[in-house]
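All remarks here apply to the structure that follows.
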2 protein chains.
Amino acid sequence: MKRAKTKIFHDFIAERGLKSTRQRDIILEAFLVSDRHLSIEELYLHLRAAHPTIGYVTVYRTLKLFAESGIAREFQFGDGQTRYEHVAEGEHHDHLVCVRCGAISEFSNAAMEAIQDEIAAAQGFIIQHHKMELYGLCSACQR
Amino acid sequence: MKRAKTKIFHDFIAERGLKSTRQRDIILEAFLVSDRHLSIEELYLHLRAAHPTIGYVTVYRTLKLFAESGIAREFQFGDGQTRYEHVAEGEHHDHLVCVRCGAISEFSNAAMEAIQDEIAAAQGFIIQHHKMELYGLCSACQR
DNA sequence: CTTTATAGTGAAATTCAATTTCAAAATGAG
DNA sequence: CTCATTTTGAAATTGAATTTCACTATAAAG
Ligand SMILES: [Mn+2]
Ligand SMILES: [Mn+2]
Ligand SMILES: [Zn+2]
Ligand SMILES: [Zn+2]
């Protein structure tokens, strides 16, 4: 799946007449290897260890491109930082966010998505995307 | 219900040893009379017409107090502004947000809330609050 | 009706992540 | 290789949220 996302992004770059650069490849690799919901700052700091010359702005712009190309989703979990995760085509899940430790876990529920469609249909509304997040205490933080 | 919220807020003010001020009463009245999802800026500009001396910061701080007292909820619908709406005790609803005209409509669905509880229970997660928003085109914007 | 301690107000300053600007560097088509 | 175009990264800017601070208002006490 990492290979698939890499291809999707490279195709996107080609289609748009953009250029393939060393920085984009490095950022893409680091992003795909992570299984976290990374903020720009976090990914930038992580990269800086091995690649001190890559700038914050390049990480920022590249994550935006990932989202545009379809290999990433952008989130606001309310901690003041925009976060990104890589997702496979057609895949979808929502999140549980621990308000104490910040841990983020995932779930996917067909019944819930079906209800959303019903609600929208009832109001003649066409859904483009949605936000479904449960905030509270993860099991580890309940002690 | 406007009376009820006014009382709740005044009780809150009293309990916390805060003071009753002309500004807070004016802001409360304007807030309760509206049925919109107001940003700080919007409420501030609206108030300024009749009360030019009330400052933005006071509106900001007062809306925060409303939220703390339980008569208001705070939202981020992704347009870069924090929004507030007044809600009755125990009442709950979620939102449909039109990405074109910004219209916000509401819904409430017991089955959906029940599924949320199941999902959290399955992961041993304790929900404190949630975010459920459907983004897309309202019926008026589909032409 | 004072006095007085405490809270509130509003303008201005600050914060901070996001975004834009710009001059220099890199890419890749021809 | 050449050259038009894109990319990069540092620095500057933006904009909403938040804090600071000197002054004012509130209300409890006398
Ligand atoms: Mn996720
Ligand atoms: Mn609402
Ligand atoms: Zn936790
Ligand atoms: Zn609309």
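None of these values were measured; they are calculated from a predicted model.
- Between the side chains of B/H92 and B/E113, at least one donor N or O sits under 3.5 Å from an acceptor N or O.
- Put simply, NE2 on B/H10 is 10 Å from P on D/dA27, counting in whole angstrom units.
- Note on B/E41: nothing from the nucleic acid sits closer than 4.0 angstrom, heavy atoms only.
- The shortest distance between the side-chain N/O atoms of B/T21 and the OP1/OP2 oxygens of D/dT26 is not below 4.0 Å.
- For B/T62 and B/K19, each mapped to the nucleotide of DNA chain C holding its nearest heavy atom, the one lying further toward the 5' end belongs to B/K19.
- Dashed line: the shortest gap from a side-chain N or O of B/T82 to OP1 or OP2 of D/dA16 is not under 4.0 Å.
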Please list, for nucleotides 28-30 of chain D, all pairs of protein and nucleotide N/O atoms separated by less than 3.5 Å.
none

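- Rounded to whole angstrom, the span from the CG atom of B/L63 across to the P atom of D/dA16 amounts to 16 Å.
- Taking atom CD1 of residue A/I40 and atom P of nucleotide D/dG9, one finds them 15 Å apart after rounding to whole Å.
- Nucleotide D/dA16 holds its P atom 17 Å from the CZ atom of B/F77, rounded to whole Å.
- Residue-level contact check: B/R61 touches the bases, meaning some heavy atom is under 4.0 Å from a base atom.
- Between A/R16 and D/dT6 there is no side-chain N or O to OP1 or OP2 distance below 4.0 Å.
- Counting non-hydrogen atoms under 4.0 angstrom, A/S39 reaches nothing in the nucleic acid.
- A/T62 and A/Q23 share no donor-acceptor pair across their side chains, judged by distance under 3.5 Å alone.
- Side chain of B/Y56, nearest nucleotide from D/dT7, D/dT20, D/dA16: D/dA16.
- Rounded to whole angstrom, the span from the CG atom of A/L28 across to the P atom of D/dT7 amounts to 15 Å.
- Going from atom CD1 of A/I115 over to atom CG of B/N109 covers 5.0 Å, rounded to the nearest 0.5 Å.
- Interface limits on DNA chain C: the 5'-most and 3'-most nucleotides within less than 4.0 Å of chain A heavy atoms are C/dA17 to C/dG28.
- For the residue pair A/Q76/A/T82, the side-chain donor-acceptor check at 3.5 Å is satisfied.
- Ion pair A/E68/A/R16 flagged as a salt bridge, since at least one NZ, NE, NH1 or NH2 atom sits closer than 4.0 Å to an Asp/Glu carboxylate oxygen.
- Of the residues listed (A/E85, A/E42, A/E106), the one engaging A/R36 in a salt bridge (Lys or Arg N to Asp or Glu O under 4.0 Å) is A/E42, and it is the only one.
- Side-chain N or O atoms of A/Q142 include one that pairs as donor or acceptor with a backbone N or O of B/G124 at under 3.5 Å.
- At distances below 3.5 Å, not a single donor-acceptor pair connects side-chain atoms of A/H93 with backbone N or O atoms of A/V87.
- The nearest whole Å value for the distance from the CG atom in A/D79 to the P atom in D/dA17 is 16 Å.
- Along DNA chain C, the nucleotide closest to B/Y44 and the one closest to B/L18 are compared, and the more 5′ of them pairs with B/L18.
- With DNA chain D read from its 5' end, the first of the two nearest nucleotides for A/R22 and B/Q76 is the one closest to A/R22.
- Side-chain atoms of B/T58 never come within 3.5 Å of backbone atoms of B/I54 as a donor-acceptor pair (strictly under, hydrogens ignored).
- Put simply, CD on B/E74 is 12 Å from C1' on D/dT18, counting in whole angstrom units.
- Put simply, CD1 on A/I13 is 12 Å from P on D/dT6, counting in whole angstrom units.
- Counted by atom type alone, B/H130 and A/D94 present zero donor-acceptor pairs between their side chains at under 3.5 Å.
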